[in-house]
Amino acid sequence: MSFQNLSAKNVSEFVILGFDTVEHKLPIGVVFLVVYVLAMLANTANICFVAMDKRLHQQPMYIFLCNLSLADILYCSSTCPSMICNLIVGYKVISYIPCVLQMCGFHLGVVMEMFAITVMAMDRLIAISYPLRYHSILNTTRTVVIGVLLWMVASAILSIIPATVLPLPFCSSTIQYVFCEYASLVRATCVNPNPYFNMISTLTFVLLFGTFSFICLSYIKIVITVMRMTSKGDKKKMFNTCFTHLIVIVCFYAPMFVRIVLTRVGVVLTLEERNGLLIGSIVCPSLINPFIYCFRTKEIRKKIFKFVSKVAPE
């Protein structure tokens, strides 16, 4: 990880150039703003509905759902506001400290999405495979502790990101991507980026395939358990229980695999295609997840209808 023979700069701010080749920035920015507001409102509503109903606190699934909503809020909010300002107002400049914080928030959001989805697979596995012991295995205290530990573990793992970026000298004050993230900042430094890219690729590979493998193994066990059931009604109920979570898995992991895995096996993507997949992998899960659970979860759906009936004019 030696420094290249380039002159270092005292960089206090960066200019983000990722949207410079985009046409019709204003309409795209307005759509982006609407999607972001909807995602924030939906995720906040999910958290509020669960927090205000003490009966739901006894169900680990709803605590894990709040954890997923918190991850969605961080994942989306760490990046979307600066991208919206760039598209709508044309403001491309970001100071050094906010840029580093954006990088840390984005990567923490990614890892917490993985962890939140994975622990929800564990919840479904226990609920279906060990229904009689479900509440003794996952009581409220253990569920909350698991959620807190996930955030602590994710933060500890990702401490390597600022620890490796902050000491580096910068030779450029421009960022070719659409927001500050690890690869964009490393490219702006005076060092050979390949060792740093290899390090983050290895970490991403371990986290991505580790969590996805656990999810797959959980669902293999779930399928085996369901196939042994004799009642068609029970099988249908189990399918409905898992269907919502399966949609969440696809929405998050599909763009991640396309963007990270395929590019590593030789698929060449343009900068615009990379940025498009990156934005899609952020916005889509954050918007889709809360709406899926709003409409697929009976308790939350009832609360929404009850709230709407109260505020609606007679």
Is a side-chain N or O of [X] found less than 3.5 angstrom from the main chain of [Y], in a donor-acceptor match?
X    : Y    : answer
S69  : L65  : yes
T164 : I161 : yes
R142 : S136 : yes
T189 : V186 : yes
S213 : G210 : no
S95  : I97  : no
Q102 : C180 : yes

Do [X] and [Y] have side-chain heavy atoms sitting under 4.5 Å apart?
X    : Y    : value
F179 : I94  : no
V50  : N46  : no
F49  : Y62  : no
L203 : I157 : yes
I47  : L70  : yes
W151 : L74  : yes
M114 : F214 : no
Y36  : S286 : no

Do the side chains of [X] and [Y] join up, straight or via other hydrophobic residues, at under 4.5 Å, putting them in one cluster?
X    : Y    : result
V89  : M83  : yes
F115 : V145 : no
L41  : V31  : yes
M52  : V144 : no
I128 : I220 : no

Check: How long is the gap from CD on Q59 to OG1 on T143, to the nearest 0.5 Å?
Finding: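 These two atoms lie 10.0 Å from each other.
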Which atom pair, heavy atoms only, marks the closest approach of [X] to [Y]?
X    : Y    : result
S218 : L125 : O-CD1, 3.7 Å
I215 : A121 : CG1-CB, 4.0 Å
V250 : P255 : O-CD, 3.9 Å
G280 : P285 : O-CD, 3.6 Å
K25  : F19  : CE-O, 2.9 Å
D72  : M40  : O-CE, 4.3 Å

Next item on the list: Apply side-chain contact (heavy atoms from CB on, under 4.5 Å) to the pair H107 and V111, showing each step before the final yes or no.
Entry: CA-CA 6 Å; H107 289 289; V111 175; 5.7 Å; no
Check: Going through the checks in order, is the side-chain contact (heavy atoms from CB on, under 4.5 Å) test met by N67 and M112?
Finding: CA-CA 9 Å; N67 193 47; M112 279 310 303; 3.9 Å; yes
Check: Do the side-chain N and O atoms of D123 and Y134 include a donor-acceptor pair separated by under 3.5 angstrom?
Finding: yes
Note to self: Could you tell me if Y91 and S82 have a donor-acceptor pair between their side chains, going purely by distance under 3.5 Å?
What the structure shows: no
Item checked: F106 and Y75 aromatic ring geometry - parallel, tilted or perpendicular at 30°/60° bounds -> parallel
Margin query: Is the ring pair Y219/H245 parallel, tilted or perpendicular, if the boundaries are 30 and 60 degrees?
Written below: parallel
Next item on the list: Applying side-chain contact (heavy atoms from CB on, under 4.5 Å), run through V178 and N86 and close with a yes or a no.
Entry: CA-CA 9 Å; V178 291; N86 194 329; over 6 Å; no
Next item on the list: With disulfide (SG to SG under 2.5 Å) as the test, would you mind laying out the steps for C284 and C251 before giving the verdict?
Entry: CA-CA 7 Å; C284 290; C251 288; over 6 Å; no
Next item on the list: Take Y182 and M199, measure what side-chain contact (heavy atoms from CB on, under 4.5 Å) needs, and give me the verdict at the end.
Entry: CA-CA 11 Å; Y182 187 80; M199 178 197 69; 3.0 Å; yes
